[in-house]
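Numbers here are sequence positions counted from 1. Worth saying up front: this structure is predicted, and the values here are computed from it rather than measured.
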Amino acid sequence: MSECKLCREEATLRNSHIISEFYYKPIYDIDKKRFYAISSDEEKSPDHHQKGLREKLLCDECEIKLSKWERYFANLLFKKAKVRQEKGRFVVVNADYKKIKLHQLSIIWRSSISSLDAFKNVALGPHEERIRKMIRDEEPGRYDQYGCALFVNMEHKKIMQKLIIAPEMKKYNSHRLYNFILGGIFWSYFISSHTPEIARYNVFVNKDGELPVTIENKFTSEFLYRYYSDLKKSGNIDSLIQN
């Protein structure tokens, strides 16, 4: 018995995914049902895994809670989304703000509490406990509180669909910005006690049931370029090309 990281109750812990399993499915090797973990560290050779990265974090009840939001988001984004196209972006409409926001929060929170090396760049500090309580109490907060902006890069769309990139942290004005690539989409979390200026451009999921996905090539390309550069230095880039 150990303490569940979410509800703080003593329980038998599940081997919980840090990144939801459905994000890995598009990159699994078709025949062998596995994905390749390719590091930019030259001392680490490419390895393969049968399932996404996991760690004993949650009790059964909390795992079920998070999985409901995961299923909703997976069905919305990859199967049932109703999309309105606007200049420079797509907008998913009739979306459930609470479920989407809590799913997004659960990913950044699990990344912060994880002891796995892949998530070493995520350290939320005092925001970690605040986000934990939001998830536990199923309270998504304001749309601009810990907002997550989603971007698609049309130039590198195909390669992004094959990648899950461990998060990096960047400073953006007075905010910490955590960037991921998941499900072919670039995710940017704005973590601070202040409302980010970018919120006024309506880039976060909102309570009107709209989930914007911005078409953006420059910022996301720079992120990919840094990743490719590190892979090239490590000698592991051939593994990415071959797989």
**Q** Quick one: closest heavy-atom pair of Pro212 and Phe204, and the distance?
**A**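 Shortest heavy-atom contact: CD-O, 3.5 Å.
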
**Q** Do Leu105 and Ile185 sit in one hydrophobic cluster, given that two such residues count as connected whenever their side-chain heavy atoms are within less than 4.5 Å of each other, even indirectly?
**A**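 Yes.
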
**Q** Is the closest side-chain donor-acceptor distance between Ser106 and Arg110 under 3.5 Å?
**A**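 Side chains of Ser106 and Arg110: pair found under 3.5 Å.
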
**Q** Mark yes or no for whether Glu139, through its side chain, and Gly141, through its backbone, hold a donor-acceptor pair below 3.5 Å.
**A** yes

**Q** Do Ile191 and Leu124 have side chains that get closer than 4.5 Å, going by heavy atoms?
**A** yes

**Q** Please round to the nearest 0.5 Å and tell me the distance separating atom CD of Gln104 and atom CZ of Phe73.
**A** 6.0 Å

**Q** Is a side-chain donor or acceptor of Trp187 paired with a backbone partner of Leu182 at a separation under 3.5 angstrom?
**A**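 Checked: pair present.
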
**Q** Passes side-chain contact (heavy atoms from CB on, under 4.5 Å), Arg200 versus Thr195? Steps please.
**A** CA-CA 9 Å; Arg200 66 190 179 97; Thr195 300; over 6 Å; no

**Q** Please round to the nearest 0.5 Å and tell me the distance separating atom OH of Tyr97 and atom CG of Leu102.
**A** 8.5 Å

**Q** For Leu116, is there any backbone N or O sitting under 3.5 Å from a side-chain donor or acceptor partner on Ser114?
**A**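 Side chain of Ser114 to backbone of Leu116, a donor-acceptor pair under 3.5 Å: yes, one is there.
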
**Q** Indicate yes or no: at least one non-hydrogen side-chain atom of Tyr201 is less than 4.5 angstrom from one of Thr214.
**A**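 The answer is no, as the side chains (C-beta and beyond) never meet within the 4.5 Å cut-off.
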
**Q** Please check if atom CD in Glu138 has more than 12 non-hydrogen atoms from other residues, nucleotides or ligands closer than 6.0 Å.
**A**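 More than 12 heavy atoms, drawn from other residues, nucleotides or ligands, come within 6.0 Å of this atom.
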
**Q** What verdict does the side-chain contact (heavy atoms from CB on, under 4.5 Å) test give for Val92 and Glu210, after you've listed the backbone C-alpha separation in whole Å, the side-chain angles of each residue and the deciding distance to 0.1 Å?
**A** CA-CA 6 Å; Val92 179; Glu210 296 183 334; over 6 Å; no

**Q** Give a yes or no on whether the backbone of Ser115 and the side-chain of Lys120 come within a donor-acceptor separation of less than 3.5 Å.
**A** no

**Q** Could you list all the side-chain hydrogen bond (donor to acceptor under 3.5 Å, both in side chains) pairs where at least one residue sits in residues 2-13, not counting sequence neighbours?
**A**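 Residue pairs passing side-chain hydrogen bond (donor to acceptor under 3.5 Å, both in side chains), neighbours aside: Arg8-Glu129.
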
**Q** Please tell me if the side chains of Phe151 and Ser188 come closer than 4.5 Å, counting only heavy atoms from C-beta onward.
**A** yes

**Q** Hey, are the side chains of Ile18 and Arg54 touching, using non-hydrogen atoms and a 4.5 Å cut-off?
**A**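 With C-beta onward as the side chain, the pair stays apart.
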
**Q** Holding to side chain to side chain donor-acceptor pair (under 3.5 Å), I want the full list of residues that pass it with Asp96, two or more places apart in sequence or in another chain.
**A**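 For Asp96, no residue satisfies side chain to side chain donor-acceptor pair (under 3.5 Å) once neighbours in sequence are set aside.
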
**Q** Is there a side-chain contact between Leu13 and Leu58 in this structure, where contact means two heavy atoms from C-beta onward sitting under 4.5 Å apart?
**A** no

**Q** So does Ala123 get a backbone contact from the side chain of Tyr178, meaning a donor-acceptor N/O pair under 3.5 Å?
**A**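 Such a contact is found between Tyr178 side chain and Ala123 backbone.
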
**Q** Nearest 0.5 Å, please: how far is CD1 in Ile215 from OG1 in Thr220?
**A** 11.0 Å

**Q** If you look at every heavy atom in Ala11 and Cys59, which pair is closest and at what distance?
**A**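 Answer, listing the atom of Ala11 first, then Cys59: CB-CB, 3.6 Å.
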
**Q** At what distance, to the nearest 0.5 angstrom, does CD of Glu222 lie from NZ of Lys170?
**A**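 If I round to the nearest 0.5 Å, the distance is 10.0 Å.
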
**Q** With side chains defined as the heavy atoms from C-beta onward, is the minimum distance between Ile135 and Trp69 less than 4.5 Å?
**A** yes

**Q** Measure the NE2-CZ distance between His175 and Phe190 for me, rounded to the nearest 0.5 Å.
**A**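 Here the rounded value is 7.5 Å.
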
**Q** Tell me whether Glu216 is salt-bridged to Arg89, with the criterion being a basic N under 4.0 Å from an acidic carboxylate O.
**A**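 Looking at Glu216 and Arg89, the cut-off is not met.
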
**Q** Taking side chain as C-beta onward, heavy atoms only, is Val122 less than 4.5 Å from Ile113?
**A**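 No. Closest side-chain heavy atoms not under 4.5 Å.
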
**Q** How many angstroms lie between atom NZ of Lys101 and atom NZ of Lys207, to the nearest 0.5 angstrom?
**A**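 Answer rounded to 0.5 Å: 8.0 Å.
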
**Q** Between Glu70 and Lys68, is the salt bridge (Lys or Arg N to Asp or Glu O under 4.0 Å) condition met? List the steps.
**A** CA-CA 5 Å; Glu70 291 169 358; Lys68 290 189 296 186; over 6 Å; no

**Q** When hydrophobic residues are tied together by side-chain contacts of less than 4.5 Å, even through go-betweens, does Leu211 share a cluster with Val83?
**A** yes

**Q** Evaluate Glu55 against His17 for side-chain contact (heavy atoms from CB on, under 4.5 Å), listing each step before the verdict.
**A** CA-CA 7 Å; Glu55 190 173 357; His17 285 93; over 6 Å; no

**Q** Could you work out, with side chain to side chain donor-acceptor pair (under 3.5 Å) as the rule, every residue matching His127, not counting sequence neighbours?
**A**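 Partners of His127 under the side chain to side chain donor-acceptor pair (under 3.5 Å) test: Arg130, Tyr146.
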
**Q** How close do Ala118 and Pro167 get, counting heavy atoms only, and between which atoms?
**A** O-CD, 3.8 Å

**Q** Are a donor atom and an acceptor atom from the side chains of Glu168 and Asn179 found within less than 3.5 Å of each other?
**A** yes

**Q** Indicate if Val91 and Phe186 have the same hydrophobic cluster label, given that clusters are the connected sets of ILVMFWY residues with side-chain heavy-atom separations under 4.5 angstrom.
**A**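 No.
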
**Q** Kindly say whether Trp109 contributes a backbone atom to a donor-acceptor pair with the side chain of Ser112 at under 3.5 angstrom?
**A** no

**Q** Taking the side chain from Asn206 and the backbone from Asp208, do they hold a donor-acceptor pair closer than 3.5 Å?
**A** yes

**Q** Report yes or no: does Asn153 contribute a side-chain atom to a donor-acceptor pair with the main-chain N or O of Glu155 at less than 3.5 Å?
**A**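 It does hold such a pair.
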
**Q** Taking Leu57 as the starting point, is it possible to reach Met1 by hopping between hydrophobic residues whose side chains are less than 4.5 Å apart?
**A**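 No, no single cluster joins them.
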
**Q** Does Ile100 reach the side chain of Leu76, with side-chain heavy atoms less than 4.5 Å apart?
**A**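 Ile100 reaches Leu76 side chain to side chain.
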
**Q** For the residue pair Phe180 and Tyr189, is the inter-centroid distance of their aromatic rings smaller than 6.0 Å?
**A** yes

